[in-house]
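Contents: one structure, followed by commentary.
When a ligand or atom number is given, it counts from 1 through the structure's own listing order. We're numbering straight along the sequence, starting at 1. Everything numeric here is computed off the predicted structure, so don't read it as measured data.
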Amino acid sequence: MPKIHLLSSRLANQIAAGEVVERPASVAKEVLENSLDAGATRVEIDVEAGGAKLIRIRDNGSGIPAEDMGLALARHATSKIASLEDLESVGSLGFRGEALASIGSVSRLTLTSNANAQGSEGSSAACEGRDMAVQLKPAPHPRGTTVEVRDLFFNTPARRKFLRTEKTEFNHLEEVVKRLALSRFDVAFTLRHNGRVVHNLNAASQQAECQRRVAAICGPAFMEQAIAIDAAVPPYRLSGWVGLPTFSRSQADLQYFFVNGRVIRDRLVAHAVKQAYRDVLYHGRHPAFVLYLELDPAQVDVNVHPTKHEVRFRDSRAVHSFIFSSLHRALADVRPGQPSGPGAPAPELLPGGDGMAIDTVTGEIQRQSALAWGAPETARASASGGGFGRSLTPGAVGDQMRGYARLHGLQEAAPEEVPPLGYALAQLKGIYILAENAHGMVLVDMHAAHERITYERLKAARDDSGIRSQPLLVPQSVAVSQREVQVAVHHAELFQRLGLAVEEAGEESLVIRQIPVILRDSNIEQLLRDVLADLIEFGSSERIESHMDEILSTMACHGSVRANRRLTIPEMNALLRDMEETERSGQCNHGRPTWVQMGLDELDKLFLRGR
Ligand code: ADP
Ligand code: MG
């Protein structure tokens, strides 16, 4: 072996760059985070050739004093932390002091900055991968900083080869900008690619402006079919928007989760969200969400990974259960007219403490969603141009109702007297119920709706009367690890509650003596293994409930009204009232919508009325 020697600073930086600078998008992320850390309120991003040729980011932040310019490009040089205590409560996005040094070692980097509030004098420093010596010279620049990164990986051909097409690289970069734009509504972002403006996002402070930004980034369909969330159980707060179960995606591509303003990807969080959607999402579909978790910075370690995409929570189980229960509650309320459908009183944030406080920052948006509940994407799309959901405020509901009453010579009814799903008029082709409510026409898929109602009843009956279990004729032993035995013993009560008797039978073996009757045909050993794996990783598991629910769901499907059954008007009305009462009734057990609303204005549009 050759003798040990110190690496040159260039090589050390290039090695560090391997972790931080994977592609143009990672350059953009680091440089933009610096701008946000510097308090910028406006950033402009210019990209050429997907970022491989040029990434130029200009901000109006605090700037860098001339005497610090050289250091800014040096490794392990930062203005953001000075001690270990600082690291434990770090509020800035960056703190490792290695981004600029790393980027500079694999590109041609120019940093131009001015820290003076007045005047346009500034200075610039340039470094070119090859020689890390920084050249400083005066350069005019308004207050703020411009970082120009040219020819990424020009001196590391092996890495350059890993770059994909211009389009792919730009998509990644755009995704970075979107995430940061979702994390900082107060900052204006402009993104240009090859001279063309791709995003121009103004700073947003009002709720409506924030919603507009989310719509610009996630698409208007998401915003129209999202429920606003704002739940607080000190020391945690979760806010943002989650897509209705009927607005699901084939890929997990519309999922943004921020922890104290930092976008993260985390298995624990993903699991909690997935679990919350378990009972309402079509199999294999993915929920869409933009969620913000806030907690004391000391409760979360962000220094887990160089790109800081992962975090570690001090009390990960509490975080898991908080996210799960907040979303679960909100999704259970997805049913016609609840919780803040038209005419509902404005919700108030309950004081924190042991109780769950679910509420909306925006009563308005929940109201919109109440109207869109159950509406499939296509039906919504037809309500283009501002459409039904968006323009309908409680006042407008009243107006529309009065207009409707006038039109039909009906007695004016107060909005609260008409139930959310209205009254049945007829049955269509033995499949749909046609009803009339305050806003216009309602169509209900009677089988889908009945299935959900039956299912929720079966679950409620099980929860009320407890799970019936039966002893196994021959107890089943299961070989597991020592750790799994400990976990099983520790959670004995959980198993008992679910009707399962699981006991320790040796250092590495468990024995199942009793199982729930409903699971008698299931692979109980596999279920037990999966539950233990969940318990080890997340501290909780809903697999047994989930499996029981699946069986109940099948039973519900078989026991529900089939198509082509004639229902009387009172039977139909009873079904509508049941839907309004039943949790999760906005979608059937398979995640399909159970009802659609067509407002008068949508109908008018069909007939070109009022043009
Ligand atoms: P870190 O962000 O971890 O501190 P960087 O290498 O990204 O490390 O940046 C080094 C230092 O350069 C920062 O700590 C900051 O003081 C300064 N700096 C970088 N970019 C900017 C900017 N856009 N505005 C003001 N200061 C900046
Ligand atoms: Mg940085």
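Judged by distance alone, with hydrogens and angles left aside, the side-chain atoms of N114 form a donor-acceptor pair with the main-chain N or O of H141 at under 3.5 Å. The closest donor-acceptor contact from the side chain of Q299 to the backbone of R314 lies at 3.5 Å or more, if one exists at all. Of the possible polar contacts, none joining the R329 side chain to the A231 backbone as a donor-acceptor pair under 3.5 Å is found.
A distance of 10.0 Å separates NZ of K29 from CG of N34, quoted to the nearest 0.5 Å. Considering CZ of R75 and CZ of R96, their distance stands at 9.5 Å, rounded to 0.5 Å.
Each protein N/O/S atom under 2.8 Å from the Mg ion (ligand 2) was counted, for a total of 1.
Protein residues having at least one heavy atom under 4.0 Å from any atom of ligand 1 are N34, S35, A38, D59, G63, I64, A72, A77, T78, S79, K80, G94, F95, R96, G97, E98, A99, L100, T145, listed by chain and number.
Within the structure, the side-chain hydrogen bond (donor to acceptor under 3.5 Å, both in side chains) test picks out the following pairs touching residues 47-56 (sequence neighbours left out): E48-K53, R56-E148. Residue pairs satisfying the salt bridge (charged side-chain N to carboxylate O under 4.0 Å, His left out) criterion with at least one member in residues 162-174, sequence neighbours excluded, are listed as follows: R23-E169.
Closest non-hydrogen pair, G144 versus S113, comes out as O-OG, 3.1 Å.
Using cut-offs of 30° and 60° on the angle between ring planes, the pair F185 and W241 is perpendicular.
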